[in-house]
Student: 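Sharing a structure, written as structure tokens. Questions coming.
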Amino acid sequence: MPKPKVFVTRLIPEAGLEKIRAGCEADIWTDPLPPPAEVMRQKLADCEGLLSLLTERIDGPLMDAAPKLRVVSNYAVGFNNIDVDAATQRGISVGNTPGVLTDATADMAFALLISAARRIVESNRYALDGKWKTWEPLGHVGQDLAGRTLGIVGLGRIGMAMARRCRGGWNMHVLYHDQRPDEQAERELSAERVDFDALLARSDFISVHADLNDTTRGMFDLAAFTKMKRTAVFVNTARGPLVVEADLARALREGLIFAAGLDVTDPEPPRLDNPLLALPNCLVAPHIASATVSSRDGMAEIAADNLLAGLRGEPLRAWVNPDVVSRRKR
Ligand code: DGY
């Protein structure tokens, strides 16, 4: 039996590649930059499986150019880069990698929170630039963390892990905004479910963990930043387009909020003239929240398992569109 052909859009950890090579005829894109759209179309023309990254847009027209495609396995927990409805209509399974990056991402959210609140990167630059002349009673003053109020927007696994850190370590009061109430968070963390405006107005720290979709896109705009405290610290480890960046830059420049810590931007990478990169109270990291050995290995294993299960026509280990079964035509 010939092995099924798959296209893997980047080098991922061996923990996953080994399984993929063993089970498939794998064409692996080894360039560090994503394959151009036309290359994707050509590569997928005779592939049954695709392992994609969040940098690739997988839409209906691309799927139509891949008549044999049966599974798209995304090497990420987020899947806003994939038109899942289009995949489902075409009988294509979609997989993602939840669970294994929860702690790493919550750690990054907390690192950004404390770094932005305590002006750590800005101070480091000050020291490196030779500006440190003496101990300054009025210099580099930031925000306290202990006992303050944390607002979580999107209380899924990662939001909950972030809330646990802030509640357990810093005794913060936890507010959350989510479509659904979360009894465990309310019991375990005394978390309080509030509407969006109340969260903006009452939080000292706002950490975003929402999915990117048509209702959440641009939810952090000037109106939202204006409702925040002037001492607020805003953290985004979810997706860049949740934020209207020009509005965030204005809020930071005009002191509507204190600081921001961003692991994600819109687009990625940001243009070099993006004003957020030049603001001392904005800390930008290159989308590294899941970048730990165990998270990335775990993601590779799940992504490989999803790909192989989809090729066998079996349920995926982490299946975004299980309803595909009822619509399957091929
Ligand atoms: C994800 O998994 O969605 C992250 O953004 C990258 O690890």
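Both ligands and their constituent atoms are indexed starting at 1 by order of listing.
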Student: Considering all heavy atoms of both residues, which atom of V235 and which atom of A109 are nearest to each other, and what is their separation?
Tutor: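 Heavy atoms only, the tightest pair is CG1-O, 3.7 Å.
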Student: Is the number of heavy atoms from other residues, nucleotides or ligands under 6.0 Å of R193 CZ greater than 12?
Tutor: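 Above 12, so yes.
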Student: Can a donor-acceptor pair be found between the side chains of S93 and R70 at a distance below 3.5 Å?
Tutor: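 No.
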Student: Report every pair formed by an N or O atom of ligand 1 and a protein N or O atom separated by less than 3.5 Å, giving atom names and the distance to 0.1 Å.
Tutor:
unit_1   : atom_1 : unit_2 : atom_2 : d
ligand 1 : 2 (O)  : V77    : N      : 2.7
ligand 1 : 3 (O)  : V77    : N      : 3.4
ligand 1 : 3 (O)  : G78    : N      : 2.9
ligand 1 : 3 (O)  : R239   : NH2    : 2.7
ligand 1 : 5 (O)  : R239   : NH1    : 2.7
ligand 1 : 5 (O)  : H287   : NE2    : 2.7
ligand 1 : 7 (O)  : S290   : OG     : 2.7

Student: Not counting sequence neighbours, which residues clear side chain to side chain donor-acceptor pair (under 3.5 Å) with R57? List them please.
Tutor: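 R57: no side chain to side chain donor-acceptor pair (under 3.5 Å) contacts found.
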Student: For D31, enumerate each residue passing the side chain to side chain donor-acceptor pair (under 3.5 Å) test, keeping only those at least two apart in sequence or located in another chain.
Tutor: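 Scan of D31 (side chain to side chain donor-acceptor pair (under 3.5 Å), adjacent residues dropped) gives none.
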Student: Under the side chain to side chain donor-acceptor pair (under 3.5 Å) test, which residues partner E245, sequence neighbours left out?
Tutor: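 With neighbours one apart ignored, the set is N274.
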